[in-house]
**Student:** 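Pasting in a structure now, in structure tokens, and then I'll have a few things to ask.
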Amino acid sequence: MTNFKTGGPWITRFAPSPTGVLHLGNVRTAILNHLLARQSGGKFLLRLEDTDQERSTFAAEAAILWSLSWLGLAPDEPVRHQSLRLPLYRRTVERLLAEDKAYPCFCTDTELERERQQAAADNLPPRYSGRCAKLSKDERIERLGQGLPHTVRFRSTSEADIRFADLIKGEISVPATAFGDFVLLRSNGWPSYNLAVVVDDMDMGVNLVLRGEDHLTNTARQILLYRALDHIPPSFAHHGLLVDPEGKKLSKRSGALSIPECIEMGLKPLAVTQFLASLSGALPTKSLFASLEDMARAFNPFALGRGNAVMNIEELKSLSARVFRAEDPSGVVATLDQTLSEDDPWHSLDEQNRRDLVSSLRENASNLEELRSLLPHFTARELSFTPRSMTELAQSRPLLAALDQALAAHQPESRLSKEAVAALLRQIGEQAGVKGRLLYHPIRLALTGFESGSELTALLTLLPVNRLRERITAITIFPHCNHKE
RNA sequence: GUCCCCAUCGUCUAGUGGCCUAGGACGGCGGCCUCUCACGCCGCUAACAGGGGUUCAAACCCCCUUGGGGACGCCA
């Protein structure tokens with residue numbers, strides 16, 4: 001039997017319909033397909049299922065492609081559009097028609113709707129009755145001749161249950177009665193989902209279909225189609241769905257984040273991919289990965305979980321913060337170089353200083369935005385204080401004077417070493433007769449304007465001596481009061 | 001309603017009949033570090049849904065119950 005070990009290399013695909021933005025549920029499927037293809041030395045393909053003319057938009061298509069590229073999920077072959085391959089689907093349907101494996105159906109929407117309501121009232125499954133399947137050859141020719149609008153349906157009457165070995169779930173059995181004759185070609189000439197999927201997966205050489213378990217019954221339909229077309233079906237693997245903390249279907253407010261929203265929140269793409277893959281059980285959360293390739297190497301398809309996965313935003317955020325703190329600071333430095341306004345004091349810092357600043361501040365931030373908001377602690381030209389802080393500073397005047405004096409002994413342009421800072425703090429602490437909070441807190445306040453932040457000794461090494469003294473002088477002359485409190 | 005799938009700490013999971021007194025991660029709680037917040041480190045917490053079988057032995061195999069999810073479109 002084929003399984004993740006004996007099969008492969010896997011040619012996988014992600015096949016979204018361009019009808020909206022990608023959310024975490026969709027993306028999980030894409031990531032799993034991508035990692036599996038990479039891990040097995042196969043290929044990851046991308047196909048846009050834009051056969052619904054009413055709902056598909058170019059804006060959605062662009063957003064999807066953009067989101068995938070943000071995640072780093074580039075396909076190995078050009079993106080395929082189903083809307084560009086209509087003749088292929090049509091030819092396939094004609095073949096099935098000729099072999100009497102499909103038939104035209106002239107039932108109208110209202111007729112079908114009435115049937116469904118009747119079935120519901122009778123507590124029967126809402127399925128197509130197969131009325132048009134029984135039409136005689138002459139009746140068919142006559143109606144076709146009249147140019148009546150019609151769909152083409154597949155004769156799905158199978159006497160045996162449809163069985164297949166799902167690579168994640170194991171043996172699956174779908175009863176032959178689970179669905180009726182389904183539509184292959186709509187009355188507007190466009191293919192239905194099931195037809196297009198089968199034709200394209202065959203044509204693209206896809207050998208593993210990995211998708212959400214909401215497609216389980218579609219799989220049975222598709223297997224029937226493969227048989228009708230004398231083609232061996234690919235392997236199938238169905239993962240559980242993403243659900244909210246209550247176990248309900250993921251809704252907007254329960255964490256159905258879209259990728260644009262993830263970007264807005266400052267989440268790291270690698271964190272999103274790792275989180276989603278680990279939610280499926282196929283990747284550990286403990287270690288961090290440097291790249292998607294790294295992740296693919298560690299990816300274990302055997303561990304893919306069968307059940308649903310509960311979306312936990314806090315866990316995603318915490319993973320993202322870890323990723324953010326672990327990456328090389330130069331990327332962040334470069335981003336700040338480009339995005340901070342030209343007159344921002346940031347640009348007056350030298351390269352080493354900028355790196356040190358980022359490394360230090362990052363410990364208190366979980367993403368770029370938070371880091372950016374901490375920057376003024378160090379770079380602001382003028383600090384402002386609350387009345388309460390000013391009281392504390394006034395009381396600490398002797399201490400601050402001692403600090404200023406001690407700083408005067410150092411080169412104005414230089415930055416202090418950690419050791420020098422430690423010695424200096426000890427010295428002025430003794431001089432002013434204070435220690436602990438009474439020593440550190442006023443200094444932090446005076447130098448940053450904030451009551452909390454990164455380690456004080458690191459802080460003192462980050463600014464050149466003259467800047468430190470400027471700040472102390474500023475508050476002893478006339479500090480800015482923050483009236484907002 | 002019918003059919004399908006799923007069921008281990010709060011969450012993601014390890015577990016494929018004896019290595020299970022059920023392991024890890026995240027969270028929570030406590031502590032250490034510490035001027036603060038965060039990071040980091042240490043410790044603790046907490047689960048086999050219930051009931052029947054099979055077996056010398058069951059988290060693991062079978063059945064039932066319960067709970068959850070999904071599917072039943074000229075959407076994908």
Side-chain angles (χ1 to χ4, degrees), chain A residues 15-19 49-52 54-56 82 105 107-109 112-113 116 119-128 149-153 161 166 168-170 172-175 177-180 182-194 196-197 212-221 238 240-241 243 245-249 275 278-287 302-303 305-312 314-316 318-319 321-322 325 361-366 370 374 425 435-445 448 450-457:
Chain A
S17 62
T19 54
E49 309 217 317
D50 51 356
T51 54
D52 186 334
E54 283 79 53
R55 297 200 304 145
S56 299
Q82 290 186 327
C105 170
C107 295
T108 63
D109 281 346
L112 293 172
E113 184 52 35
R116 266 193 289 273
D122 297 344
N123 273 344
L124 256 30
R127 254 165 239 151
Y128 180 58
H150 64 277
T151 61
V152 176
R153 284 183 188 270
D161 292 351
D166 190 284
I168 292 174
K169 292 190 178 279
I172 301 282
S173 169
V174 178
T177 54
F179 47 85
F182 54 92
V183 170
L184 296 176
L185 209 60
R186 298 189 265 156
S187 56
N188 64 5
W190 287 65
S192 73
Y193 164 76
N194 281 299
V197 163
E213 68 181 23
D214 49 337
H215 283 291
L216 236 24
T217 32
N218 279 330
T219 303
R221 291 189 183 89
H238 292 88
L241 270 19
V243 295
E246 276 80 49
K248 304 290 178 203
K249 194 174 182 164
F275 172 73
S278 65
L279 254 193
S280 314
L283 218 53
T285 24
K286 188 172 184 172
S287 45
F302 281 96
R306 310 130 291 261
N308 289 348
V310 178
M311 173 65 207
N312 183 338
E314 290 313 310
E315 207 165 315
L316 171 56
S318 118
L319 182 64
R322 283 168 65 202
R325 291 181 189 124
L361 288 180
R362 197 161 59 168
E363 295 308 313
N364 283 61
S366 58
E370 285 180 24
L374 294 175
L425 286 174
K435 56 182 177 179
R437 188 190 154 83
L438 287 174
L439 168 63
Y440 287 95
H441 199 257
I443 295 179
R444 164 183 301 287
L445 210 47
T448 69
F450 290 85
E451 308 224 15
S452 67
S454 54
E455 199 189 337
L456 187 60
T457 45

**Student:** Base, sugar-phosphate alone, or nothing: which one does A:V174 contact when heavy atoms must sit under 4.0 Å apart?
**Tutor:**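 Since no nucleic acid heavy atom lies under 4.0 Å of A:V174, the category is nothing.
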
**Student:** Figure out the CG/P separation between A:L216 and B:A71, and round it to whole Å.
**Tutor:**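 Going from CG in A:L216 over to P in B:A71 covers 11 Å.
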
**Student:** Roughly, in whole Å, what's the span from CG in A:N188 to P in B:G73?
**Tutor:**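 In whole Å, B:G73 P and A:N188 CG are 18 Å from each other.
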
**Student:** Using both distances under 3.5 Å as the test, list the Watson-Crick or G-U wobble partner of B:G40, or none.
**Tutor:**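 Here B:G40 is engaged in a pair, and the nucleotide opposite it is B:C32.
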
**Student:** Given atom CG of A:D214 and atom C1' of B:C75, what is their separation to the nearest angstrom?
**Tutor:**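 Interatomic distance, CG of A:D214 to C1' of B:C75: 12 Å.
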
**Student:** Taking only side-chain N and O atoms of A:R153, does any of them lie within less than 4.0 angstrom of OP1 or OP2 on B:C74?
**Tutor:**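 For B:C74, OP1/OP2 do have a side-chain N/O of A:R153 under 4.0 Å.
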
**Student:** A:Y128 OH to B:U2 C1': how many Å, rounded?
**Tutor:**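 Going from OH in A:Y128 over to C1' in B:U2 covers 20 Å.
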
**Student:** Which part of the nucleic acid does A:P126 contact within heavy-atom distance under 4.0 Å: base, sugar-phosphate only, or nothing?
**Tutor:**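 Touches a base.
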
**Student:** For the residue pair A:H150 and A:S187, confirm or rule out a side-chain donor-acceptor distance under 3.5 Å.
**Tutor:**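 Side chains of A:H150 and A:S187: no pair found under 3.5 Å.
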
**Student:** Taking 4.0 Å as the cut-off, does a side-chain nitrogen or oxygen of A:R306 come that near to OP1 or OP2 on B:A7?
**Tutor:**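 Checking A:R306 against B:A7: at least one side-chain N or O falls below 4.0 Å of OP1 or OP2.
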
**Student:** Give me the distance, rounded to whole Å, that separates B:U11 from B:G28 when you measure between the C1' atoms they each carry.
**Tutor:**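 The answer is 12 Å between these two C1' atoms.
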
**Student:** Measure from the side-chain heavy atoms of A:D109 and tell me the nearest of B:C74, B:C26, B:A38.
**Tutor:**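 Of B:C74, B:C26, B:A38, B:C74 is nearest to the side chain of A:D109.
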
**Student:** When the nearest nucleotide of RNA chain B is assigned to A:T457 and to A:S187 on a heavy-atom basis, which residue is associated with the more 5' position?
**Tutor:**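 Nearest-nucleotide comparison on RNA chain B picks A:T457.
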
**Student:** What's the CZ-C1' distance between A:R362 and B:C37, to the nearest Å?
**Tutor:**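 To the nearest whole Å, that distance equals 18 Å.
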
**Student:** Compare side-chain N and O positions of A:R221 against OP1 and OP2 of B:A76 and report whether any pair is under 4.0 Å apart.
**Tutor:**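 No, no such contact exists.
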
**Student:** Hey, which of these two, A:S318 or A:T108, hits RNA chain B nearer its 5' end, going by closest nucleotide?
**Tutor:**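 Of the two residues, A:S318 wins.
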
**Student:** Using atom CG of A:L319 as one end and atom P of B:C39 as the other, report the distance to the nearest whole Å.
**Tutor:**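 In whole Å, B:C39 P and A:L319 CG are 14 Å from each other.
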
**Student:** Measuring from the side chain of A:D52 (C-beta onward, heavy atoms only), which nucleotide among B:C75, B:C12, B:C3 has the closest atom?
**Tutor:**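 Among B:C75, B:C12, B:C3, the one nearest the side chain of A:D52 is B:C75.
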
**Student:** Under 3.5 Å, is there any donor-acceptor pair linking the side chain of A:N218 to the base of B:A76?
**Tutor:**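 Answer is yes: a donor-acceptor pair is held.
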
**Student:** Base, sugar-phosphate alone, or nothing: which one does A:H215 contact when heavy atoms must sit under 4.0 Å apart?
**Tutor:**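 Base contact - A:H215 has a heavy atom under 4.0 Å of at least one base atom.
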
**Student:** Heavy atoms under 4.0 Å, any strand shown: does A:E49 hit a base, just sugar-phosphate, or nothing?
**Tutor:**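 Sugar-phosphate: the residue A:E49, judged by heavy atoms under 4.0 Å, touches backbone atoms but no base.
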
**Student:** Counting only side-chain heavy atoms from C-beta out, which of B:C75, B:U13, B:G73 sits nearest to A:R55?
**Tutor:**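 Closest of the options to the side chain of A:R55: B:C75.
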
**Student:** If the threshold is 4.0 Å, N to carboxylate O, is there a salt bridge linking A:D166 and A:K169?
**Tutor:**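 No.
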
**Student:** Determine the contact category for A:C105: base if any of its heavy atoms lies under 4.0 Å from a base atom, sugar-phosphate if only primed atoms, P, OP1 or OP2 are that close, otherwise nothing.
**Tutor:**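 No contact.
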
**Student:** Look at the side chain of A:R444 and decide which nucleotide, out of B:C35, B:C4, B:C26, has an atom nearest to it.
**Tutor:**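 Taking heavy atoms from C-beta onward, the closest nucleotide is B:C35.
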
**Student:** Tell me which nucleotide among B:A38, B:A76, B:G1 gets nearest to the side chain of A:S17.
**Tutor:**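 When the side chain of A:S17 is considered, B:A76 is the closest of B:A38, B:A76, B:G1.
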
**Student:** What's the gap between B:A7 and B:G51 when it is taken at their C1' atoms, as a whole Å value?
**Tutor:**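 Nearest-Å result for B:A7 against B:G51 at atom C1': 15 Å.
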
**Student:** Look at A:R186 and B:C75 and indicate whether a side-chain polar atom (N or O) is within less than 4.0 Å of OP1 or OP2.
**Tutor:**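 For B:C75, OP1 or OP2 has a side-chain N or O of A:R186 closer than 4.0 Å.
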
**Student:** Side chains of A:L425 and A:Y440: closer than 4.5 Å at any heavy-atom pair?
**Tutor:**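 Yes, their side chains come closer than 4.5 Å.
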
**Student:** Taking only the side-chain nitrogens and oxygens of A:T51, find out if one of them lies under 4.0 Å from OP1 or OP2 of B:A76.
**Tutor:**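 Yes.
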
**Student:** Strictly under 4.0 angstrom, non-hydrogen atoms only: write out the protein contact profile of nucleotides 63-68 of chain B, one letter per nucleotide from the 5' end, B, S or -.
**Tutor:** -----S

**Student:** Does A:R325 have any side-chain contact (heavy atoms from CB on, under 4.5 Å) partners at least two apart in sequence or in another chain, and if so, which?
**Tutor:**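 Residues passing side-chain contact (heavy atoms from CB on, under 4.5 Å) with A:R325: A:A321, A:R362, A:E363, A:S366.
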
